[in-house]
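Everything below concerns the one structure shown next.
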Amino acid sequence: MRKSRLSLFKSTSMLISVVGIIMIISTIIVVAYVGYSVVSTGITNEISSGTQYDELAELQSEYSNLSVKFDSVKSTYYAGGADDVKVYNDAKLELTRASLAIENVQSALDAGKPSNEVDSRIEFAKEKLDTANKAYNNL
């Protein structure tokens, strides 16, 4: 009976040791995976934000050029009647909306928002800039 208890104790302690080693190895694997995931996400976000900053600079450049165009025809429309001023102001309002959309992109980048959210804001800003450009062309 003593030998059977001793044998049972040995097998139980061996099983506990093996399970402990398996748990330690699995914990190391999980921690390594999480670490790898965090690092790769960080690298991807850095690359993505770099292109987003480039797109923001392009939007700001287009806005600046369009703003100069609006300013060049401002005196012509303000010299006309009230209807001309209204037409100009309506078109200028579209330019202001584009400016706000571009500022929204800037604030999202500064706040470190997720890449997909910044991309959607960039698309919205592009749409607003296109609308402002069409409004200028209709003047």
Within the distance-only criterion (no hydrogens, no angle test), does the side chain of [X] pair as donor or acceptor with the backbone N or O of [Y] below 3.5 angstrom?
| X | Y | result |
| --- | --- | --- |
| Ser61 | Ala57 | no |
| Ser37 | Tyr33 | no |
| Ser67 | Tyr63 | no |
| Thr27 | Met23 | yes |
| Gln52 | Ser115 | yes |

Any link between [X] and [Y] through a network of hydrophobic side chains (Ile, Leu, Val, Met, Phe, Trp, Tyr) touching at under 4.5 Å?
| X | Y | result |
| --- | --- | --- |
| Val85 | Phe70 | yes |
| Val39 | Val31 | no |
| Val87 | Val73 | yes |

Glu58 and Asp54: CA distance, side-chain angles, deciding distance, side chain to side chain contact (heavy atoms under 4.5 Å, CB included) verdict
CA-CA 6 Å; Glu58 183 180 322; Asp54 291 343; over 6 Å; no
Around atom CZ of Phe124, are there more than 12 heavy atoms of other residues, nucleotides or ligands at under 6.0 Å?
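Result for CZ/Phe124: open.
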Asp83 atom CG, neighbour heavy-atom count above 12 within 6.0 Å:
no
When rounded to the nearest 0.5 angstrom, what is the spacing between [atom1] in [X] and [atom2] in [Y]?
| X | Y | atom1 | atom2 | value |
| --- | --- | --- | --- | --- |
| Tyr53 | Gln106 | OH | CD | 6.5 Å |
| Asn89 | Asp84 | CG | CG | 11.0 Å |
| Glu55 | Ile102 | CD | CD1 | 12.0 Å |
| Asn133 | Asn138 | CG | CG | 10.0 Å |
| Leu93 | Thr131 | CG | OG1 | 11.5 Å |

What do the steps show when you test Ser107 against Asn104 for side chain to side chain contact (heavy atoms under 4.5 Å, CB included), and what is the final call?
CA-CA 5 Å; Ser107 68; Asn104 196 7; 3.7 Å; yes
If I compare all heavy atoms of Arg121 with all of Ala108, which pair ends up nearest, and what's the gap?
NH1-CB, 3.1 Å
What are the two closest non-hydrogen atoms of Ala125 and Ala101, and how far apart are they?
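Taking every non-hydrogen atom into account, CA-CB, 3.6 Å.
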Carboxylate-amine/guanidinium proximity below 4.0 Å for Asp130 and Lys134
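Looking at Lys134 together with Asp130, the answer is no, because their closest N to O distance does not fall below 4.0 Å.
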Between Asp119 and Lys113, is the closest basic N to carboxylate O distance under 4.0 Å?
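Not counted as a salt bridge, because no side-chain N and carboxylate O are separated by less than 4.0 Å.
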Residues Leu100, Glu103; criterion side chain to side chain contact (heavy atoms under 4.5 Å, CB included); working and verdict
CA-CA 5 Å; Leu100 292 174; Glu103 289 173 12; 3.9 Å; yes
Could you walk me through whether Leu56 and Ile122 satisfy the side chain to side chain contact (heavy atoms under 4.5 Å, CB included) test, starting with their C-alpha distance in whole Å, then the side-chain angles of each, then the deciding distance to 0.1 Å, before giving a yes or no?
CA-CA 7 Å; Leu56 174 64; Ile122 287 172; 5.9 Å; no
Does NZ or CZ of Lys92 come closer than 6.0 Å to the centre of the six-membered ring of Tyr88, within 45° of the ring's axis?
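The answer is no; the distance or angle limit is not met.
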